[in-house]
Amino acid sequence: MPIPRNKIKLVYGLTALFTTVNLWLVVSRGWLWFNLLPVALALVLLAFRRLNHLLLLIVLFTPLSLPLQTIVPGFSFDMNLPTEPLLVGVLLLFLLKMAQKPDVRPGLLRHPVSLALLVYLGWMLLSCLSSTMPVVSLKYWLSKLWFVVAFYFLAFRLLEDPKNFYRFVLLYASGFLPVIAYSWWRQAGYGFFDHRAANFVMYPFFSDHTSYGAMLVFFIPALFVLTRMPSLRRRWRLLATLELAVFAVALVLSYTRAAWLSLVVAAAVLPLLLLKVRFRNLLLTAGVVLVALWAFQDVLVEQLSANKQQSSGKLAGHLESMSNISTDASNVERLNRWSSALAMFGEKPLTGWGPGTYMFQYAPFQRTDLRTIISTNSGDGGNAHSEYLGALAESGLPGMLSLAVLVLVVLATAFRRYARTTDPGQRAIILAVTMALVSYFVHGFLNNFLDQDKAAIPVWFFVAVLVALDLQPSDETP
């Protein structure tokens, strides 16, 4: 069908107008941002016509996203480009569609995970009202909201196509490969066994090696499953195999002790799932272990304090330094952040200091005996180094409990669904997703990244995968 002449003239006219205005802005004002207008318009059109494709495009961009302040220094606020502006648009589109005609998958809002998630977000919003820094807290809450809306609630539309789980994993991992290559290129200049250089060579794509290592571990189980998935085409299995090998080497060279620990714990969950151990029994066992650790805490602290092994380029020494809480600066600084979070909780136990405010408020709460060479008087060193203690300080006891309940409900869903399904494809996916989430939830005791796109997008999507499987009446692979 031929294109009408009036539309052709309109396209030519708009192209000439854009070229003229853009040329004038570049020459007279030095503005280059106007060049992005056609890209922005294309993304808007994609959002309205092919929202699923836009979400997958965001997944590919996520490992490659860059903080705004590294591109344009001096801004008073920061966000990761291009993912977070796109997520803001997705959130607005979601709210617009919900206002016109609510369209939610049957049973989704009644599912225990969804209810726990809404309570978590709801209490966080309430704690924004009593925040010591309301604007900071509201921005923080909104950033949580657009991650959850895009990759939890809208993810159910994405998962209507069974192949989108595989696409998600391969796209994120493919976007990660250039970051790994960049990190290795920088690390080669210092030496691959320089553990100090391993802390920062992935910047600015990742803030440091902790978030970088956490995401490497997160995707290793899923990539392994994809290498064994007979329904995948051979070329995609080969790509997954290549990415798995690269991720494994990158994890070793990251020198991220918390990531290594989380991988060990995630691997320990595998036989429990295979044996169909009830999550209730596992929870009771964990409770007994925690009580025993509390009862013998003095002995444990004394034993840990006797360890003087420092972080090292040698893997054995680096692993041994994990339990050094007396002289290892990284470990002692983590204790400093935890102690500050508990002290902040002591002053505001119910509503906390406000979501996202820890990094601005913890400085006066630092203990002198826990300060290290990496501590700062201004307290501008970052977050609480714990998802759970961070929530405790920022949203009070209800905030921390709502997060803990959400984690437990997610894991209970995983164990229940695995025990009930007989479909091999479903079981493989549940194994991969559960191990990934366990690795992150364990890592969450030592670091917190759910306010960053790198971690929030895969975590909420994998939670959505579990819920989507649990809502299925049959054993069809999602």
Side-chain angles (χ1 to χ4, degrees), residues 52-53 55-56 59-60 105-108 111-114 151-174 176 217-245 247-248 263 266-279 409-441 457-478:
N52 286 356
H53 293 177
L55 292 176
L56 290 173
V59 173
L60 177 64
R105 180 171 176 174
L108 173 59
H111 193 277
V113 171
S114 298
F151 287 97
Y152 181 77
F153 290 107
L154 288 178
F156 288 90
R157 289 184 52 182
L158 202 61
L159 290 167
E160 289 173 358
D161 183 348
K163 296 178 181 178
N164 277 336
F165 171 74
Y166 313 130
R167 290 177 181 139
F168 183 99
V169 174
L170 290 173
L171 283 170
Y172 191 104
S174 297
F176 213 137
V217 169
F218 192 90
F219 280 91
I220 283 176
L223 288 170
F224 178 78
V225 165
L226 262 58
T227 65
R228 315 279 295 181
M229 192 65 66
S231 59
L232 272 185
R233 292 184 178 181
R234 185 171 179 270
R235 63 173 176 267
W236 300 126
R237 292 203 305 271
L238 289 174
L239 176 61
T241 302
L242 170 65
E243 290 175 342
L244 177 62
F247 273 45
L263 181 60
V269 171
L270 179 61
L272 299 176
L273 280 168
L274 294 174
L275 293 172
K276 298 183 181 180
V277 176
R278 288 192 174 186
F279 184 71
V409 172
V410 168
L411 295 179
T413 300
F415 275 76
R416 182 183 67 248
R417 184 63 191 185
Y418 183 84
R420 292 179 179 177
T421 190
T422 57
D423 181 81
Q426 270 199 24
R427 284 191 165 184
I429 292 173
I430 294 171
L431 285 173
V433 168
T434 305
M435 289 179 66
L437 290 173
V438 166
S439 76
Y440 186 79
F441 295 151
I457 286 174
V459 167
W460 294 125
F461 181 79
F462 275 34
V463 171
V465 170
L466 282 179
V467 176
L469 285 167
D470 201 40
L471 288 173
Q472 287 184 359
S474 66
D475 281 342
E476 298 174 4
T477 303

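Remember, predicted model here, so these are calculated numbers, not experimental data. Sequential numbering from 1 along the given sequence is applied to the chain's residues.
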Undergrad: Among Val225, Ile220, Leu226, Leu239, find the one that has a side chain to side chain contact (heavy atoms under 4.5 Å, CB included) with Leu244.
TA: Ile220
Undergrad: Could you tell me which residues satisfy side-chain contact (heavy atoms from CB on, under 4.5 Å) with Leu263, sequence neighbours excluded, listed by chain and number?
TA: Val217, Leu251
Undergrad: Do Arg420 and Gln426 pass the side chain to side chain contact (heavy atoms under 4.5 Å, CB included) test, and can you show the C-alpha distance, the side-chain angles, and the key distance before you say yes or no?
TA: CA-CA 10 Å; Arg420 292 179 179 177; Gln426 270 199 24; over 6 Å; no
Undergrad: Check step by step if side chain to side chain contact (heavy atoms under 4.5 Å, CB included) holds for His111 and Thr413.
TA: CA-CA 10 Å; His111 193 277; Thr413 300; 3.8 Å; yes
Undergrad: Would you mind reporting whether Leu466 and Thr434 have side-chain heavy atoms less than 4.5 Å apart?
TA: yes
Undergrad: Check Ala414 against Ile430 and note the closest heavy-atom contact, atom names and distance.
TA: O-CG2, 3.8 Å
Undergrad: Going through the distances and angles, do Leu274 and Leu431 end up as a side chain to side chain contact (heavy atoms under 4.5 Å, CB included)?
TA: CA-CA 9 Å; Leu274 294 174; Leu431 285 173; 4.1 Å; yes
Undergrad: Hey, could you give me the CG/CG distance between Asp470 and Leu108, rounded to the nearest 0.5 Å?
TA: 11.5 Å
Undergrad: Could you work out, with ring-ring contact (aromatic ring centres under 6.0 Å, His included) as the rule, every residue matching Phe151, not counting sequence neighbours?
TA: none
Undergrad: Checking Arg167 now: which residues fulfil salt bridge (charged side-chain N to carboxylate O under 4.0 Å, His left out) with it, not counting sequence neighbours?
TA: Asp161
Undergrad: Any heavy-atom pair between the side chains of Trp236 and Tyr166 that's under 4.5 Å?
TA: no
Undergrad: Do Leu437 and Val433 pass the side chain to side chain contact (heavy atoms under 4.5 Å, CB included) test, and can you show the C-alpha distance, the side-chain angles, and the key distance before you say yes or no?
TA: CA-CA 6 Å; Leu437 290 173; Val433 168; 3.8 Å; yes
Undergrad: In this structure, which one of Phe247, Phe219, Phe218 forms a ring pair (Phe, Tyr, Trp, His ring centres under 6.0 Å) with Phe176?
TA: Phe247
Undergrad: Decide whether a cation-pi geometry holds between Arg427 and Tyr418; the criteria are a distance under 6.0 Å from NZ or CZ to the six-membered ring centre and an angle within 45° of the ring axis.
TA: yes
Undergrad: Here's a test for you: under ring pair (Phe, Tyr, Trp, His ring centres under 6.0 Å), which of Tyr152, Tyr440, Phe168, Tyr172 qualifies with Phe461?
TA: Phe168
